[in-house]
Each structure stands twice: as structure tokens, then as C-alpha cells.
Amino acid sequence: MAATTAVGSGILLRPRGLFATPLGVDIALVKGGEPARMFDLGIQALTGGAGMAEFIRPGARVAVKPNASWSSGPELGATTHPGLVGRIVEHCLEAGAREVLVADHTISDWRRAYDVSGIGPEVKAAGGRLVPANAERYYQASSISGAAVLSSSAVHEVFLEADVIINVPILKHHGSTGITAGLKNLMGTVWNRQTFHRIGLHQAIADFSLLIKPQLTVIDAYRVMTSGGPRGSSSGAGIRLDQVLILSRDPVAADAAAALTWGTRPERIAHIGMAAKHGLGRTDIDAMTIQRIRA
């Protein structure tokens with residue numbers, strides 16, 4: 001494996017060493033290869049060789065949140081790469097998880113979205129379980145302490161009850177927020193997304209992150225939608241093949257690195273800075289320990 005010095009559009013992320021602690025680094029950036037193999041390499045680099053065992057104890061209940069919103073294939077860059085989701089499920093089960101539940105409040109019909117995106121077949125083949133999120137009965141009202149505008153939200157029970165949450169968004173353009181990555185992907189765990197838009201989308205995204213805190217964020221920047229998001233189309237969206245995977249325990253740092261990969265500064269995506277102000281993570285990429293791997 002050869003270390004790389006740049007990701008995505010060529011934004012330089014300067015490393016300050018290799019392993020910060022025996023447990024690994026702040027961010028792992030993998031470049032090249034296929035998503036499943038990229039995850040194999042990235043999780044080892046992030047954890048200093050511990051792998052998913054750092055996050056999962058035997059018998060744990062794991063919830064995985066991909067972006068499965070649309071009934072479109074991975075070639076359109078609108079949904080998380082199915083091979084990545086399936087490989088994460090496999091790693092969780094190999095680490096001793098009792099069950100791995102995969103859920104997203106899809107915009108397209110949930111069965112069709114899981115099937116056409118390829119996420120459904122990959123999850124089933126890996127031994128995970130797809131969970132429906134299309135009915136209000138699956139959601140529980142939850143208060144959010146410390147929020148600026150979003151004091152409560154109805155959240156899917158899978159994410160409230162899980163021992164471990166793994167957020168697996170795709171990095172892409174979004175008409176309302178500039179880009180969408182990890183923090184915004186968590187909107188797919190709530191019942192009423194329109195509340196976020198009504199009260200102030202960026203602040204609501206940051207506030208919600210006070211409630212749902214993934215232990216691991218894995219951002220799929222393999223095929224990046226650069227325009228026409230969030231849905232895109234075969235004719236109306238720009239697609240760039242970056243072949244990048246970003247892994248971090250810090251959801252804010254993951255999104256900051258994703259912003260740079262996409263081609264913008266983190267401070268230009270308001271909810272990233274707002275989440276940092278909540279104390280949910282860091283945006284000072286230059287001061288972080290970053291491991292780069294060429295797959």
C-alpha cells in the first residue's frame with residue numbers, strides 16, 4: 001500500500017503523522033480500487049489493525065444507515081454503493097454482532113429503492129436484515145437537549161435502540177445544502193423531514209446530531225454527483241469518478257474531509273460548522289492525523 005497525498009478534486013489534506021494512538025488515526029482516506037476492498041483497508045488503518053472489533057462487542061445490535069433514498073442504480077451516484085454496504089455488514093457480523101439492521105426512510109418506495117439501488121440484495125447476501133421505515137409506527141418521539149431550533153424529532157426505533165450506529169452516506173451535490181454527506185444523511189432516520197426545512201435546514205441538521213451519534217462514519221465518494229443532486233439522472237447530473245472512501249469516528253471531521261474532497265471548504269457548508277459549535281467534532285483538518293492508503 002502506498003500513501004497518497006491528495007483526494008478527490010486535488011485538495012491537499014496535510015498529514016501530521018501516521019498513527020495518533022495505538023488505536024489508529026483521526027481520519028482514514030482510501031483512494032482507488034473497489035468500495036468493498038477500500039473499506040477493508042480503511043477500517044484497518046483507522047483502528048490501527050483492530051478493525052470493527054474496536055466498535056462492536058460480541059452480541060451487539062448494529063444499525064447501518066446508508067443513503068438508499070432513490071430507486072436508481074449506483075452508476076448514477078445518488079445512493080450509497082451497494083458493495084460497500086454489504087461489506088460493512090460482513091465486517092460487523094465477523095466482529096460478533098448479534099444482528100445488523102439496515103434502514104433508511106427512503107423517498108422512493110422502500111422495497112423498490114432497496115432493490116434497484118442494489119443495497120437490498122447485498123445486505124441480504126451478507127447476512128444483514130433490511131428494515132422498513134415507511135410507516136409512522138416505526139418512529140418514537142425524542143427530545144433533543146441543547147438544540148437551537150430542533151427540540152424534538154420522531155426517530156426510527158432501530159437507531160434509538162442500537163448499540164452501535166454506522167453512518168454510510170454517499171457524498172453528492174444537494175440543492176438545499178450544497179453537499180450532502182454524513183450529518184445530513186441522518187435525516188433519513190426521522191419521520192418528518194419537512195420540519196427540518198421549515199425551521200432552518202442547516203441548524204436542524206446540526207441539532208439532530210446531538211441525538212443520533214454514529215460511532216463510525218464511512219463516506220462513499222467513489223462516484224460523486226457534482227450537480228443535479230440529490231436525485232440526479234442519467235442525463236441531468238454531473239458524475240465524477242473519484243474512487244475515495246473517508247472513514248472517521250468523528251462525524252464532523254468526516255464531513256469536513258468530504259467537503260474538501262467534493263471541492264469546497266467545510267466552512268461553506270453551514271451545518272458542518274454548526275455541529276462543531278455543538279461540540280460534536282472538529283473541522284481543523286490540518287491538525288488531524290490522517291492515514292492515506294492507495295488501494
Side-chain angles (χ1 to χ4, degrees), residues 19-30 34-68 80-104 114 119-131 133 155-170 181-183 185-186 188-189 209-220 245-255 257 280-281 289 291 293 295:
F19 292 94
T21 71
L23 289 179
V25 298
D26 296 319
I27 297 173
L29 290 168
V30 188
E34 291 301 307
R37 173 60 175 162
M38 293 163 72
F39 182 77
D40 291 345
L41 297 174
I43 194 65
Q44 292 298 308
L46 182 71
T47 63
M52 290 301 295
E54 177 185 320
F55 304 98
I56 296 171
R57 294 183 178 180
R61 191 171 192 248
V62 180
V64 176
K65 171 60 177 75
N67 186 329
T80 306
H81 194 286
L84 172 62
V85 180
R87 189 66 183 122
I88 289 172
V89 171
E90 290 177 346
H91 272 263
C92 291
L93 292 171
E94 289 168 4
R98 173 168 55 93
E99 59 179 349
V100 183
L101 307 175
V102 178
D104 188 16
Y114 285 154
I119 291 172
E122 287 283 350
V123 168
K124 291 176 183 177
R129 180 159 67 90
L130 296 166
V131 177
V155 183
H156 198 294
E157 59 193 6
V158 161
F159 298 96
L160 295 174
E161 297 170 359
D163 300 306
V164 178
I165 297 173
I166 302 174
N167 192 16
V168 195
I170 189 166
L183 295 168
N185 191 51
L186 295 176
T189 70
S209 297
L210 290 164
L211 178 63
I212 299 299
K213 301 176 181 179
Q215 282 70 40
L216 175 63
T217 299
V218 183
I219 299 180
D220 171 13
L245 195 68
I246 301 166
L247 301 88
S248 185
R249 305 169 190 82
D250 181 335
V252 179
D255 271 21
L280 295 170
T289 312
Q291 175 78 15
I293 304 102

Taking the side chain as every heavy atom from C-beta outward, state whether L46 and E54 have any atom pair closer than 4.5 Å.
-> no
Side chain to side chain donor-acceptor pair (under 3.5 Å) involving D40 - partner list, sequence neighbours excluded | R87, H91
Do any N or O atoms from the side chain of T80 and from the backbone of V168 form a donor-acceptor pair under 3.5 angstrom?
-> yes
Is a side-chain donor or acceptor of D104 paired with a backbone partner of K65 at a separation under 3.5 angstrom?
-> no
Does the side chain of I43 come within less than 4.5 Å of F55's, by heavy atoms?
-> yes
Residue list, ring-ring contact (aromatic ring centres under 6.0 Å, His included) with Y114, at least two apart or on another chain = W110
Can you list the residues that meet the side chain to side chain donor-acceptor pair (under 3.5 Å) rule with E94, with sequence neighbours excluded?
-> none
Distance col, row I219:CD1 vs L84:CG, nearest 0.5 angstrom, shows 11.0 Å
With the side chain counted from C-beta on, respond yes when N167 and I212 share a heavy-atom pair under 4.5 Å apart, and no when they do not.
-> no
Enumerate, atom names and distances included, each donor-acceptor pair closer than 3.5 Å involving a side-chain atom of residues 122-131, sequence neighbours excluded.
none

Contacts of A253 that satisfy side chain to side chain contact (heavy atoms under 4.5 Å, CB included) - sequence neighbours left out | I27, S248, D250, M288
Residues at least two apart in sequence or cross-chain that pass side chain to side chain contact (heavy atoms under 4.5 Å, CB included) with P251, listed by chain then number, are L183, T217
